[in-house]
Amino acid sequence: MIRRYRSFLPVSDDTPVVSLNEGGTPLIETPEIVSALGGDFQLFVKYEGLNPTASFKDRGMTLAVSKAVERGARIVVCASTGNTSASAAAYAARAGMRCLVLIPEGKIAFGKMAQALIHGALTLEVRGNFDDALEIVRELGKRDDIEVVNSINPYRIQGQKTASFEVCDSLGEAPDMHFLPVGNAGNITAYWMGYKEYRDAGNCSKLPRMMGWQAEGAAPIVRGTPIESPETVASAIRIGNPSSWEHAVNAASESSGAIDMVSDEEILDAQRMLARTAGIFVEPASAAGIAGIVKCHTGGGIPNGSTVVVTVTGHGLKDPDVAVENSRAESIIVDADMDSVLVAIGLD
Ligand code: AN7
């Protein structure tokens, strides 16, 4: 990814590129979703769960870790709701660096915990939330041998902006509207930066309206005040005081977009709907953008004929516990004979 968009990124020939072949994720047209909503627009899903560690974080991590190696840092550190830690752990392993992750105790999805542990990151569960963990990480970052790879690291945002380049390259133009979930607000900041740079370079001629979505129980930007104890089923965006708050607000206002919120129920309905209607499995936080499309369309907010892109940020397999529960389905145990199977499927 760094090699492909090198001229837009802060790298030189001397930067040692640490990569797992991230980026190049599919942009999938989903007319079945639009039909289900009774809409009249074109919808494309940018499936970021198909990155090497199954979330969009890899785009920023390849650059942040490459630059850390370049400057001679020895330890990669982050606070995380799960995906940043998974990505940091993998890229640190690739770079031969140590990795320390601070996660909120008991509040990250099972798959993400598996990733931090299997890649060998020293994993601390903090008795507190993401915001508490990030405070500590900011302090740790004052040490010279430590590289903080949260999105307060500007290379993270620089790397993540490549997703908007890919959207424009696929469509041949920027979309009219771009939906995505908002947690710490780095990604909406990155996309907006990317779209503007691509337009300035003459690679697209317009800019999309940026439509960011928080979960109702963790919607500090929408409510205009930090949330002390954020709560949502979408654990990835359970964040009460986003680092890139101002940038997110600017992206929404400069683009005539919005930052709004959806309920946990709307998020779970959207996760199920996307899986059953389009065959795309995403984690709950990623479904917030889909829920945002449903809400926006219902309110008449998507003009007919629009080209709409939604970034689904993380793979559904990250959070199997929520998925099984949200499926509202159960497997049936049967004896290993034809009669039992026929009875179970109602064909006896
Ligand atoms: C799947 O991993 O903050 O608004 O520590 O994992 O750029 O923060 C994750 C965030 C959306 C929100 N979707 O993105 C972390 C972390 C998924 C995420 C977001 C996250 P930002």
Side-chain angles (χ1 to χ4, degrees), residues 46-51 53-61 64 77-90 101-104 107-109 111-113 115-116 121 126 129-134 137 148-153 156-157 159-161 163 179-194 210-215 218-222 230 232-249 251-252 259 261-262 267 270-271 281-292 310-319 322:
K46 183 68 170 157
Y47 197 5
E48 289 286 273
L50 296 190
N51 275 297
T53 77
S55 88
F56 72 101
K57 303 286 182 182
D58 296 341
R59 293 179 183 277
M61 206 55 71
V77 178
C78 68
S80 182
T81 56
N83 279 326
T84 300
S85 47
S87 186
V101 306
L102 279 73
I103 55 179
K107 292 290 187 178
I108 80 165
K112 302 173 189 180
M113 178 63 104
Q115 289 178 289
V126 176
N129 58 34
F130 169 84
D131 306 280
D132 301 322
L134 186 58
V137 164
V148 174
V149 294
N150 282 102
S151 56
I152 54 175
N153 179 327
R156 278 278 313 281
I157 306 283
Q160 283 172 214
K161 76 186 179 187
F179 286 71
L180 76 174
V182 171
N184 214 22
N187 212 28
I188 190 168
T189 302
Y191 270 92
W192 183 234
M193 180 188 285
M210 299 302 302
M211 309 294 292
W213 297 87
Q214 302 198 290
I221 301 178
V222 181
T232 168
V233 68
S235 58
I237 52 172
R238 185 173 167 273
I239 294 173
N241 193 7
S243 312
S244 299
W245 187 317
E246 297 285 310
H247 293 300
V249 169
I259 297 187
M261 59 187 177
V262 282
I267 288 171
Q271 184 195 34
F281 183 24
V282 302
E283 67 170 285
S286 308
I290 303 291
V310 56
T311 298
V312 291
T313 44
H315 201 286
L317 290 172
K318 292 272 192 177
D319 197 343
V322 169

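Bear in mind that the values here come from a model prediction, so they are computed numbers and not experimental data. We count ligands from 1, going down the list as the structure has it; atoms in each ligand are counted the same way. Keep in mind that the numbers below use all heavy atoms, side chains included, and drop hydrogens, waters and symmetry copies.
- Annotation: T81 places an N or O atom under 3.5 Å from an N or O atom of ligand 1; distance criterion only.
- Between G183 and ligand 1, at least one pair of N/O atoms sits closer than 3.5 Å.
- Neither the backbone nor the side chain of K318 comes within contact range of ligand 1; no heavy atom lies under 4.0 Å.
- Ligand 1 places these atoms under 4.0 Å from at least one heavy atom of V182: 4 (O).
- Close approach of ligand 1 to N83 (heavy-atom distance below 4.0 Å) involves ligand atoms 1 (C), 2 (O), 6 (O), 17 (C), 18 (C).
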When you look at T189 and Q160, which way does the side chain to side chain contact (heavy atoms under 4.5 Å, CB included) test go after all the steps?
CA-CA 9 Å; T189 302; Q160 283 172 214; over 6 Å; no

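- Of the protein's non-hydrogen atoms, the one nearest atom 13 (N) of ligand 1 is T313 OG1, 2.6 Å.
- For ligand 1, the polar-atom distance check against E283 finds no nitrogen or oxygen pair separated by under 3.5 Å.
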Take S286 and T313 through the side chain to side chain donor-acceptor pair (under 3.5 Å) test and state the conclusion after the steps.
CA-CA 5 Å; S286 308; T313 44; 2.8 Å; yes

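- Applying the 4.0 Å criterion to heavy atoms of G186 picks out, from ligand 1, the atoms 4 (O), 7 (O), 21 (P).
- No side-chain heavy atom of I259 sits less than 4.5 Å from a side-chain heavy atom of W245.
- For ligand 1, the atoms lying closer than 4.0 Å to a non-hydrogen atom of T84 are 2 (O), 5 (O), 15 (C), 16 (C).
- Those atoms of ligand 1 with a heavy atom of P181 less than 4.0 angstrom away are 11 (C), 13 (N).
- Atoms of ligand 1 lying under 4.0 Å from at least one heavy atom of G82, given by number and element, are 2 (O).
- Within the 4.0 Å heavy-atom cutoff, T189 does not count among the residues contacting ligand 1.
- The nearest protein atom to atom 18 (C) of ligand 1, hydrogens excluded, is given as A236 CB, 3.5 Å; this is a heavy-atom distance.
- By the 4.5 Å heavy-atom criterion applied to side chains, T81 and I237 are not counted as neighbours.
- Under 4.0 Å from ligand 1, the heavy atoms of K57 that appear belong solely to its side chain.
- Here's the thing with K112: none of its N/O atoms is less than 3.5 angstrom from an N/O atom of ligand 1.
- Under 4.0 Å from ligand 1, the heavy atoms of I237 that appear belong solely to its side chain.
- The shortest N or O to N or O distance between N187 and ligand 1 is under 3.5 Å.
- Any N or O atom pair closer than 3.5 Å counts here, and S85 shares no such pair with ligand 1.
- For ligand 1, the polar-atom distance check finds no N/O of Q160 at less than 3.5 Å from any of the ligand's N/O atoms.
- Under the 4.5 Å side-chain criterion, counting only non-hydrogen atoms from C-beta, V322 is in contact with Q271.
- For ligand 1, the atoms sitting less than 4.0 Å from at least one non-hydrogen atom of N184 are 4 (O), 8 (O), 21 (P), numbered in the order shown with element in parentheses.
- The aromatic rings of H315 and F281 lie perpendicular to each other, with more than 60° between the two planes, well past the 30° mark.
- Residue N150 does not touch ligand 1, judged by heavy-atom distances below 4.0 Å.
- N83 is listed as a side-chain neighbour of K112, based on a closest heavy-atom distance under 4.5 Å.
- The nearest heavy-atom contact from the protein to atom 14 (O) of ligand 1 is F56 CZ, 3.5 Å.
- The shortest distance between side-chain heavy atoms of L134 and N184 falls below 4.5 Å.
- V101 is listed as a side-chain neighbour of C78, based on a closest heavy-atom distance under 4.5 Å.
- The S80 neighbourhood of ligand 1 comprises atoms 2 (O), 5 (O), 15 (C), with distances under 4.0 Å to a heavy atom of that residue.
- Crowding of H247 atom NE2: a count of heavy atoms from other residues, nucleotides or ligands under 6.0 Å not exceeding 12.
- The one candidate from L317, T311, V312, D319 that meets the side chain to side chain contact (heavy atoms under 4.5 Å, CB included) condition with V282 is V312.
- Between N129 and R238 the shortest side-chain heavy-atom distance falls below 4.5 Å.
- Using a 4.5 Å heavy-atom cutoff, the side chains of M61 and R156 are in contact.
- Under 4.0 angstrom from ligand 1, the non-hydrogen atoms of A185 all belong to its backbone.
- Considering every non-hydrogen atom in both P242 and A185, the closest pair reads CB-CB, 4.2 Å.
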